[in-house]
Participant: 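Pasting in a structure now, in structure tokens, and then I'll have a few things to ask.
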Amino acid sequence: MKRADNRAAKSVPLAATTSTATMPEIRDGQSVALLQELHILTRDGKLNQDSRRKLKQVYHLYQFIEPLLKELQAERGEGGPGISLVDHGAGKSYLGFILYDLFFKGLQDDSHIYGIETREELVARSQELAKKFNFPGMSFLPLSVAESTESKLLPEQIDVVTALHACNTATDDAIHFALKKKAKYMVLVPCCQAEVASVLKKNKGKALAKSALTEIWRHPIHTREFGSQITNVLRCLQLEAHGYHVNVTELVGWEHSMKNELIIATYKNLPRNRPTERLQEVLETLGLEEMGSRFFTEQVARANA
């Protein structure tokens, strides 16, 4: 793909770049002014401990996303269609802006990043920043993840879906969105998730009499932790049941974040029957049958019939 000339970025007030020689945490050619506006850098260009931790998380995530974007570029070739990416639960859009600054800014096509966020003041602020830094390929919509799935303001198909620290069912809504939009890639970092744990707790009395394995989640703290883990296990099985290859790793070291699981799914049209069966088996074994609709077990079974 062609590279833009970046003259617009140079016209931004206070716009400056730095190099790894002067500040190792910042990438070569990255906009210092943008990082200052995002309050990752102070006005005198320094990083505090919290900002350094935040930046490390976003960079580490970028390290996983960049190869996916390059693969899409290679598949489409010179002059091919642009890349579309939706960032759910965008917040202050640290991820979206850094993705745009490091990758999308240099593309001269219709590539686009959409930030989805419910808080209208954050959406308005992100819109202002995109305009100030002349990032025409960025849009921000004041919607919930669920609302965005039906919104006409988004394309019918999306290439990449990200959800960084999407709390509770927002990750599942992001998966639903990605499946409907036929996304090739999903990059998910789930956060607090209580729905499965609440069902485990509700059914604990019946389960205790059925299997000794229920000791795994008998105590409340174990119910919460096991509920969180099994939620992500079910999500991975769900994605595999839709033909995705799933890789699960950690985002950064545990000293930086306790909510640290990173799920990367790539659509490869893989066989679906086995993960579909396993998904149903896990729900039945743990007494979570009522959660079937959350993980689309009926839809998957019909599709694979």
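Since this is a predicted model, take the numbers as computed values, not measurements.
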Participant: Is Val145 reachable from Leu143 through a run of I, L, V, M, F, W or Y residues, each pair having side-chain heavy atoms under 4.5 Å apart?
Facilitator: no

Participant: Checking side chain to side chain contact (heavy atoms under 4.5 Å, CB included) against Met138, which of Leu129, Asp87, Ile113 comes through?
Facilitator: Ile113

Participant: Does Gln127, at its CD atom, have more than 12 non-hydrogen atoms belonging to other residues, nucleotides or ligands within less than 6.0 Å?
Facilitator: yes

Participant: Hey, are Lys182 and Asp159 close enough for a salt bridge, meaning a charged N less than 4.0 Å from a carboxylate O?
Facilitator: no

Participant: Decide whether Val86 and Val189 are clustered together by the hydrophobic rule: side chain heavy atoms of Ile, Leu, Val, Met, Phe, Trp, Tyr closer than 4.5 Å, transitively.
Facilitator: no

Participant: Could you check whether any side-chain N or O of Arg76 sits under 3.5 Å from a backbone N or O of Gly82, counting only pairs where one atom can act as donor and the other as acceptor?
Facilitator: yes

Participant: Leu154 versus Phe177: any side-chain heavy-atom pair under 4.5 Å?
Facilitator: yes

Participant: Show the nearest heavy-atom pair for residues Pro190 and Arg235, with the distance to one decimal.
Facilitator: CB-NH1, 3.4 Å

Participant: Report yes if the side chains of Ile98 and Leu61 come closer than 4.5 Å at any heavy-atom pair, otherwise no.
Facilitator: no

Participant: Between Ser126 and Glu117, does the side chain to side chain contact (heavy atoms under 4.5 Å, CB included) criterion hold? Intermediate values first, please.
Facilitator: CA-CA 10 Å; Ser126 294; Glu117 171 58 47; over 6 Å; no

Participant: Mind jotting down which residue pairs meet the salt bridge (Lys or Arg N to Asp or Glu O under 4.0 Å) criterion with at least one end in residues 57-66? Sequence neighbours excluded, please.
Facilitator: Glu66-Lys70

Participant: Does the Lys181 side chain pair with the main chain of Pro155, one donor and one acceptor, at a distance under 3.5 Å?
Facilitator: yes

Participant: With a sphere of 6.0 Å drawn around CD of Glu120, does it hold more than 12 non-hydrogen atoms of other residues, nucleotides or ligands?
Facilitator: no

Participant: What verdict does the side chain to side chain contact (heavy atoms under 4.5 Å, CB included) test give for Phe140 and Leu122, after you've listed the backbone C-alpha separation in whole Å, the side-chain angles of each residue and the deciding distance to 0.1 Å?
Facilitator: CA-CA 9 Å; Phe140 301 91; Leu122 295 183; over 6 Å; no

Participant: Taking the side chain as every heavy atom from C-beta outward, state whether Val248 and Cys236 have any pair of such atoms under 4.5 Å apart.
Facilitator: yes

Participant: Could you see if Leu237 belongs to whatever hydrophobic cluster contains Val196? Use Ile, Leu, Val, Met, Phe, Trp, Tyr and a side-chain cutoff under 4.5 Å.
Facilitator: yes

Participant: Please determine whether salt bridge (Lys or Arg N to Asp or Glu O under 4.0 Å) holds for the pair Glu128 and Lys131, giving the CA-CA distance in whole Å, both sets of side-chain angles, and the decisive distance to 0.1 Å.
Facilitator: CA-CA 5 Å; Glu128 290 172 6; Lys131 184 177 180 181; over 6 Å; no

Participant: Given side chain to side chain contact (heavy atoms under 4.5 Å, CB included), test Phe104 with Ile83 step by step and report yes or no.
Facilitator: CA-CA 9 Å; Phe104 283 74; Ile83 298 167; 4.2 Å; yes

Participant: Distance check, rounded to the nearest 0.5 Å: Glu195 atom CD versus Ser198 atom OG?
Facilitator: 6.0 Å

Participant: Which pairs count as salt bridge (Lys or Arg N to Asp or Glu O under 4.0 Å) when at least one residue sits in residues 134-153, sequence neighbours excluded?
Facilitator: Glu150-Lys180

Participant: Please answer whether the main-chain N or O of Leu47 pairs with a side-chain N or O of Ser51 as donor and acceptor at a distance below 3.5 Å.
Facilitator: no

Participant: Is Ile158 linked to Val187 within one hydrophobic cluster, defined over Ile, Leu, Val, Met, Phe, Trp and Tyr using a side-chain heavy-atom separation of less than 4.5 Å?
Facilitator: no

Participant: Go through the steps to decide whether Thr223 and Phe226 satisfy the test side chain to side chain contact (heavy atoms under 4.5 Å, CB included), and finish with yes or no.
Facilitator: CA-CA 5 Å; Thr223 304; Phe226 181 71; over 6 Å; no

Participant: Linking I/L/V/M/F/W/Y whenever any side-chain heavy atoms sit under 4.5 Å apart, do Leu234 and Val199 land together?
Facilitator: yes

Participant: Return the CD to OG1 distance between Gln280 and Thr285, rounded to the nearest 0.5 Å.
Facilitator: 10.0 Å

Participant: Output the distance between atom CD1 (Ile175) and atom OG1 (Thr149), rounded to the nearest 0.5 Å.
Facilitator: 11.5 Å

Participant: Can a salt bridge be assigned to the pair Lys184 and Glu75 using a cut-off of 4.0 Å between side-chain N and carboxylate O?
Facilitator: yes

Participant: Answer whether the closest heavy-atom distance between the side chains of Thr249 and Phe64 falls below 4.5 Å.
Facilitator: yes

Participant: Does some side-chain heavy atom of Ile263 sit less than 4.5 Å from a side-chain heavy atom of Tyr244?
Facilitator: no

Participant: In Å and rounded to the nearest 0.5 Å, what is the CG to NE2 distance from Asp172 to His176?
Facilitator: 11.0 Å

Participant: Could you state the interatomic distance from CG (Leu35) to OG1 (Thr42), rounded to the nearest 0.5 Å?
Facilitator: 11.0 Å

Participant: What orientation do Phe97 and Phe135 show, parallel under 30°, tilted 30 to 60°, or perpendicular over 60°?
Facilitator: tilted

Participant: Which atom pair, heavy atoms only, marks the closest approach of Ser111 to Leu107?
Facilitator: OG-CD1, 3.6 Å

Participant: Under a 4.5 Å cut-off applied to non-hydrogen side-chain atoms, are Tyr62 and Leu99 in contact?
Facilitator: yes

Participant: Please determine whether a side-chain nitrogen of the Lys or Arg among Arg274 and Glu277 lies less than 4.0 Å from a carboxylate oxygen of the Asp or Glu.
Facilitator: yes

Participant: Would Glu71 and Tyr185 count as having a side-chain donor-acceptor pair, cut-off 3.5 Å?
Facilitator: yes

Participant: Taking C-beta and beyond as the side chain, do Leu95 and Ile65 meet within less than 4.5 Å on heavy atoms?
Facilitator: yes

Participant: Is Tyr114 reaching over with its side chain to a backbone N or O of Leu141, donor-acceptor style, under 3.5 angstrom?
Facilitator: no

Participant: Which atom names give the shortest non-hydrogen contact between Val161 and Ala174, and what distance separates them?
Facilitator: CG1-O, 4.1 Å

Participant: Could you tell me whether Lys202 and Glu290 make a salt bridge, using a distance below 4.0 angstrom between a side-chain N and a carboxylate O?
Facilitator: yes

Participant: Indicate yes or no for a side-chain donor-acceptor contact from Ser31 to the backbone of Leu34 under 3.5 Å, with no hydrogens or angles considered.
Facilitator: yes

Participant: To the nearest 0.5 Å, what is the distance between CG on Leu85 and CG on Leu68?
Facilitator: 9.5 Å

Participant: For residues Asn232 and Thr171, determine if any side-chain heavy atom of one lies less than 4.5 Å from a side-chain heavy atom of the other.
Facilitator: no

Participant: When you check the gap from the basic side-chain N to the acidic O, do Lys92 and Glu37 get nearer than 4.0 Å?
Facilitator: no

